[in-house]
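Down below is the structure, laid out as structure tokens.
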Amino acid sequence: EELLLLRESIHKPNHGDLVPVNSSWEAPPLGFLKHNCDVAWKENCMEAVAAVIVRNHKEDLLDGKASYISESSSLAGEARAMLEALKLTTTVEAKFIVLETDNAELFHAIQAQSGVIPWEIRASVLAIKDHMAAFDDVRVMLMKRTTDKATDFVAKIVLLGSLDCSWIRAIPQNLWSILFADAQLS
């Protein structure tokens with residue numbers, strides 16, 4: 001009986017499992033703030049940038065940040081980016097949020113009620129779940145990697161050194177163009 005429970009708890013959903021995946025950026029419901037999280041990671045370097053972009057139901061850019069982080073993998077970086085998004089939201093006292101990630105393994109680890117969480121993200125996932133308790137409603141969404149062009153752009157450009165971590169103070173024109181394109185598709 002214990003073996004069956006263990007086998008069930010370590011089941012990782014595969015591509016055949018039904019999980020809603022957004023294929024284009026969508027505005028959050030009225031009253032919600034949407035946080036897109038992403039990481040740009042240099043292979044074999046442990047240097048990464050976690051980026052967060054916050055928008056409302058009107059698709060307005062409300063806030064965002066980028067942070068240099070040191071993580072053991074891109075998965076750990078993705079988890080850290082989501083944790084940074086929750087920390088950012090706690091400061092604005094929002095009660096309803098949508099968190100989007102393009103990492104299926106992180107998505108499933110957060111959604112799991114029980115089971116084994118990969119060791120490299122266990123601490124971050126537990127911290128994410130603790131932070132989520134501070135909100136009235138948190139919806140975690142999985143999206144295709146190509147969906148979140150804006151946060152991907154911020155993370156990569158900051159990692160390359162072409163954009164400052166405090167980019168929200170002086171938003172580059174390229175980012176405005178990407179945000180506008182997202183709004184046109186939603």
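Looking at Asn174 and Ser177, their side chains never bring a donor and an acceptor atom within 3.5 Å of each other.
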Problem - Chi angles and distances behind the side chain to side chain contact (heavy atoms under 4.5 Å, CB included) call for Ile157, Trp167 - result: CA-CA 10 Å; Ile157 298 302; Trp167 60 269; over 6 Å; no
Exercise for the section: Go through Asp164 and Val158 one step at a time and tell me if the side chain to side chain contact (heavy atoms under 4.5 Å, CB included) criterion holds. Expected result: CA-CA 6 Å; Asp164 190 71; Val158 170; over 6 Å; no
Exercise for the section: Walk me through it: do His131 and Leu83 pass the test side chain to side chain contact (heavy atoms under 4.5 Å, CB included)? Expected result: CA-CA 8 Å; His131 277 76; Leu83 185 55; 3.8 Å; yes
Problem - Residues Phe32, His57; criterion side chain to side chain contact (heavy atoms under 4.5 Å, CB included); working and verdict - result: CA-CA 7 Å; Phe32 279 74; His57 68 280; over 6 Å; no
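Between the CD atom in Glu71 and the CD atom in Glu47 there is a gap of 12.5 Å [rounded to 0.5 Å]. Atom NZ in Lys87 sits 10.0 Å away from atom CD1 in Ile128 (nearest 0.5 Å). Here NE2 of His108 is found 9.5 Å from CG of Asn103. Values are rounded to the nearest 0.5 Å. Expressed to the nearest 0.5 Å, how far OG of Ser74 lies from CZ of Arg80 amounts to 14.5 Å. Note that CG of Leu75 and CD1 of Ile121 are 4.5 Å apart. Values are rounded to the nearest 0.5 Å. Here CG of Asp152 is found 5.0 Å from CG of Asp38. Values are rounded to the nearest 0.5 Å.
Taking 4.5 Å as the limit, every side-chain heavy atom of Glu84 sits out of range of all side-chain heavy atoms of Leu88. Side-chain contact between His35 and Thr89: present, with at least one pair of heavy atoms (C-beta onward) separated by less than 4.5 Å. By the 4.5 Å heavy-atom criterion applied to side chains, Thr101 and Leu99 are not counted as neighbours. No side-chain heavy atom of Gln111 sits under 4.5 Å from any side-chain heavy atom of Leu142. By the 4.5 Å heavy-atom criterion applied to side chains, Asn36 and Thr147 are not counted as neighbours.
The residues Asp137 and Arg139 are annotated as salt-bridged, a charged nitrogen and a carboxylate oxygen being separated by less than 4.0 angstrom. Ion pairing between a basic and an acidic side chain is recognised when a charged N comes within 4.0 Å of a carboxylate O; Asp63 and Arg55 show no such pairing. Under a 4.0 Å N-O distance rule, the pair Arg145/Asp102 qualifies as a salt bridge.
In terms of heavy atoms, Ala48 sits closest to Val39 at CB-CG2, 3.9 Å. Summarising the geometry of Ala150 relative to Leu179, their closest heavy-atom pair is CB-CD2, 3.8 Å, with the distance given to 0.1 Å. Nearest heavy atoms, Pro172 versus Phe153: CG-CE2, 4.3 Å. Residues Cys37 and Ala85 come closest through the heavy atom pair SG-CB, 3.5 Å. Pairing each heavy atom of Val98 with each of Pro28, the nearest pair is CG2-CB, 4.2 Å.
Remark: Lys34 qualifies as a cation-pi partner of Trp25 under the 6.0 Å distance and 45° angle criteria applied to the six-membered ring.
Follow the hydrophobic side-chain contacts under 4.5 Å out from Ile168 and you never reach Leu33; the two are in separate clusters. Hydrophobic clustering keeps Phe180 apart from Leu61 (ILVMFWY residues linked when any side-chain heavy atoms are closer than 4.5 Å, directly or through intermediates). Put simply, Val49 and Ile53 are part of the same group of oily side chains (I, L, V, M, F, W, Y) that touch within less than 4.5 Å, one to the next. In this structure, Trp41 is not a member of the same hydrophobic cluster as Leu163, with clusters built from ILVMFWY side-chain heavy atoms closer than 4.5 Å. Both Ile117 and Phe107 are part of a single hydrophobic cluster, where members link through side-chain heavy atoms under 4.5 Å apart.
Of the possible donor and acceptor atoms, one in the side chain of Ser73 sits under 3.5 Å from a partner among the backbone N and O of Ala76.
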